[in-house]
Amino acid sequence: MDSESRNLVCLTEHADPAHEAEILSKIPDEDAALDASELFTQLASPTRIRLLCILAIEEMCVCELADMLMMSQPAISHHLRLLRQSGVVKYKKSGKRVIYYITETPAGVLARFIVKDLMKEESKDEQQDKA
């Protein structure tokens, strides 16, 4: 071990079991962490992020989403199905149309927050480019 690596090793006894227990009580258990991990996996797709950005602005049907993103309806439906399974979006029927929207579940609220923040950043970048 070189001298720099030795400096990174904690040599003092400082463990405080009560403090560690308090911190551990505030973090998710394994199941909740797994759920969050699955949500982040779903949000890792650029197509799903773009879908969520659109749905954060307005509820839409699959055909409108497919047209806007220039993708096939089956491809859009596939992405929406994954988002539905994660609890991020739901749909409602309006006649023959199926309208998708972001849910008010914790997963939906988090997804909306992420894409709204992303859209704000994009708007700032566009405004700076015009200046």
Side-chain angles (χ1 to χ4, degrees):
M1 195 181 334
D2 65 7
S3 63
E4 187 175 325
S5 295
R6 273 184 259 138
N7 290 338
L8 299 176
V9 177
C10 187
L11 300 175
T12 61
E13 186 64 38
H14 59 81
D16 179 353
H19 181 67
E20 291 173 359
E22 179 186 347
I23 291 171
L24 286 172
S25 73
K26 295 177 181 177
I27 68 169
D29 63 17
E30 286 290 324
D31 289 339
L34 180 61
D35 291 344
S37 171
E38 290 173 4
L39 172 62
F40 287 123
T41 298
Q42 296 310 321
L43 297 179
S45 162
T47 298
R48 290 191 282 277
I49 292 294
R50 294 182 75 210
L51 284 168
L52 289 170
C53 286
I54 293 168
L55 294 176
I57 297 168
E58 187 174 323
E59 300 175 349
M60 290 207 175
C61 73
V62 176
C63 60
E64 292 170 310
L65 292 166
D67 187 52
M68 291 178 75
L69 296 180
M70 295 186 289
M71 294 177 67
S72 69
Q73 286 186 23
I76 294 295
S77 293
H78 168 74
H79 287 287
L80 290 169
R81 180 176 44 82
L82 294 173
L83 290 170
R84 248 187 10 255
Q85 290 171 344
S86 297
V88 175
V89 301
K90 284 189 175 180
Y91 66 87
K92 59 187 174 187
K93 293 195 175 187
S94 177
K96 291 184 179 183
R97 298 177 69 208
V98 177
I99 309 296
Y100 281 85
Y101 61 94
I102 298 175
T103 67
E104 293 301 320
T105 64
V109 169
L110 176 61
R112 182 184 300 276
F113 175 80
I114 291 169
V115 298
K116 287 274 191 176
D117 191 62
L118 175 65
M119 290 188 296
K120 288 178 189 173
E121 290 299 318
E122 292 293 325
S123 296
K124 288 178 192 174
D125 291 345
E126 289 174 12
Q127 290 172 358
Q128 288 175 354
D129 289 344
K130 290 179 183 178

Q. Going from CD1 on Ile102 to CD1 on Ile54, what distance comes out if it is rounded to the nearest 0.5 angstrom?
A. 10.5 Å

Q.
Between Glu64 and Arg97, does any side-chain N to carboxylate O distance fall below 4.0 Å?
A. yes

Q. How long is the gap from CG on Leu52 to OG1 on Thr47, to the nearest 0.5 Å?
A. 11.0 Å

Q) If you round to the nearest 0.5 Å, how far is CG of Leu51 from CZ of Arg48? A) 9.0 Å

Q. Taking all atoms of both residues into account, what is the closest heavy-atom pair of Ala107 and Ser86, and its distance?
A. CB-O, 3.6 Å

Q.
Give me the atom names and distance for the closest heavy-atom approach of Met119 to Ala56.
A. CE-CB, 3.9 Å

Q | Hydrophobic cluster membership, Leu39 vs Leu118, 4.5 Å side-chain cutoff | A | yes

(Q) Can a donor-acceptor pair be found, under 3.5 Å and without considering hydrogens, that links the side chain of Ser37 to the backbone of Ala33? (A) no

Q.
Heavy-atom count check: over 12 atoms from other residues, nucleotides or ligands less than 6.0 Å from Glu30 CD?
A. no

**Q.** Closest approach of Tyr101 to Glu59 (non-hydrogen atoms, all atoms of both residues)
**A.** CB-CG, 3.5 Å

Q: Evaluate the criterion side chain to side chain contact (heavy atoms under 4.5 Å, CB included) for residue pair Val88 and Gln42; output intermediate values, then yes/no.
A: CA-CA 9 Å; Val88 175; Gln42 296 310 321; 5.9 Å; no

Q | Test side chain to side chain donor-acceptor pair (under 3.5 Å) applied to Lys26 - qualifying residues, sequence neighbours left out | A | Glu22

**Q.** Heavy-atom closest pair, residues Leu55 and Tyr100
**A.** CD2-O, 3.4 Å

Q) Above 12 or not: heavy atoms from other molecules or residues under 6.0 Å from CZ of Arg50? A) no

(Q) Checking side chain to side chain contact (heavy atoms under 4.5 Å, CB included) between Lys90 and each of Thr103, Ile99, Leu83, which is the one that passes? (A) Thr103

Q. Distance from Leu65 atom CG to Glu58 atom CD, nearest 0.5 Å?
A. 10.0 Å

(Q) For the SG atom of Cys61 and the NZ atom of Lys96, what is their distance to the nearest 0.5 Å? (A) 14.0 Å

Q: Answer yes if Tyr91 and Met68 sit in the same cluster of Ile, Leu, Val, Met, Phe, Trp and Tyr residues linked by side chain heavy atoms under 4.5 Å apart, and no otherwise.
A: yes

Q. When hydrophobic residues are tied together by side-chain contacts of less than 4.5 Å, even through go-betweens, does Val98 share a cluster with Leu82?
A. no

Q | Atom pair CG (Leu24) and CD1 (Ile27), whose distance is rounded to the nearest 0.5 Å | A | 5.0 Å

